[in-house]
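Below is one structure, written out as structure tokens, with a few remarks after it.
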Amino acid sequence: MDGVIKITERLAESASRFLSGLAALILFILVILTCVDVIGRYFFSMPVVGAVELVRICMAGIIFFSLPAMFFRNDHVCVDLITIFMRGRLGWIISIVMLIVSIYVAWRVGDRVFDYAVRAHEDGDKTEYLGIPRVITVSFITLSLYAAAVMGFIRLLIILINPAKANQAEDKDI
């Protein structure tokens with residue numbers, strides 16, 4: 001069983017690296033798009049057509065492709081108001097409860113976004129200026145939310161098997 005968990009952990013780490021790389025690539029594309037739009041708008045009076053739509057799509061990509069890696073690596077934002085409770089057995093229990101809640105919320109939001117993707121596909125919904133089918137973006141958001149829930153579940157298994165890994169991210173000082 002331990003070997004299966006280690007293999008799953010390695011696969012999840014590879015998947016989270018891939019999705020993080022994809023989010024970084026989208027961020028790079030967003031930077032290029034913004035630079036080209038600003039230069040075109042102010043120096044040549046020719047802005048990029050549909051730049052606002054492309055920025056929205058890129059922002060969704062950056063946010064939602066980062067979620068699975070955040071869930072797996074426990075890289076979420078933590079407020080250190082009650083750090084005394086995050087040590088030892090109580091910290092382990094709190095980590096498990098918070099992971100279960102996070103997994104549930106990610107899965108439920110994924111279900112709702114999936115319903116929206118189905119409606120967007122059935123209605124043939126497209127963006128305003130460029131006419132990009134919304135189902136493409138919403139489908140990737142749905143997949144990212146489900147992947148985040150799965151990554152959270154893998155992290156939950158890892159924490160249940162090895163309680164020492166429960167507060168790894170909290171131990172990092174930023």
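FYI, side chains are in, hydrogens and waters are out, and symmetry mates aren't considered; it's all heavy atoms of this structure.
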Inter-residue atom distance T34.OG1 - I29.CD1, 0.5 Å rounding: 11.5 Å
Hydrophobic cluster identity match, I62 and V138, side-chain contacts under 4.5 Å: no
Joint hydrophobic cluster, I93 plus L160, side-chain heavy atoms closer than 4.5 Å: yes
Distance in Å, I136 CD1 paired with K126 NZ, rounded so as to fall on 0.5 Å steps: 8.5 Å
Interatomic spacing from CZ in F71 to CG in L145 - rounded to 0.5 Å: 8.0 Å
Minimal non-hydrogen separation, A12 against F72, with atom names: CB-CE1, 3.5 Å
Closest non-hydrogen atom pair between L130 and V49, with its separation: CD2-O, 3.8 Å
L19 reachable from M70 in the ILVMFWY side-chain graph, under 4.5 Å edges: no
Side-chain heavy atoms of I7 within contact of R10, under 4.5 Å: yes
Donor-acceptor pair, side chain of T137 and main chain of I57, under 3.5 angstrom: no
Side chain proximity check, R73 to R155, heavy atoms < 4.5 angstrom: no
R134 to A120 - nearest heavy-atom pair and separation: CB-CB, 4.4 Å
Check: Y116 and D125 side chains under 4.5 Å, non-hydrogen atoms: yes
Value rounded to 0.5 Å, distance of CD1 in I63 from CD1 in I26: 11.0 Å
Pair R119 + D123: basic N to acidic O under 4.0 Å: no
Whether F140 and F65 hold their rings parallel, tilted or perpendicular, with breakpoints at 30° and 60°: perpendicular
Euclidean distance, L25 CG relative to L30 CG, rounded to 0.5 Å: 11.5 Å
Closest non-hydrogen atom pair, V48 against D37: N-OD1, 2.9 Å
Backbone N/O of I158 and side chain of E9: donor-acceptor pair under 3.5 Å: no
Nearest atoms (heavy-atom pairs only) where A15 meets M151: CB-CE, 3.5 Å
A60 versus I141, closest heavy-atom pair with distance: CB-CD1, 4.1 Å
Side chains of Y146 and D111 in contact at under 4.5 Å (non-hydrogen atoms): yes
Hydrophobic cluster identity match, M59 and V36, side-chain contacts under 4.5 Å: yes
Hydrophobic cluster identity match, I132 and Y129, side-chain contacts under 4.5 Å: no
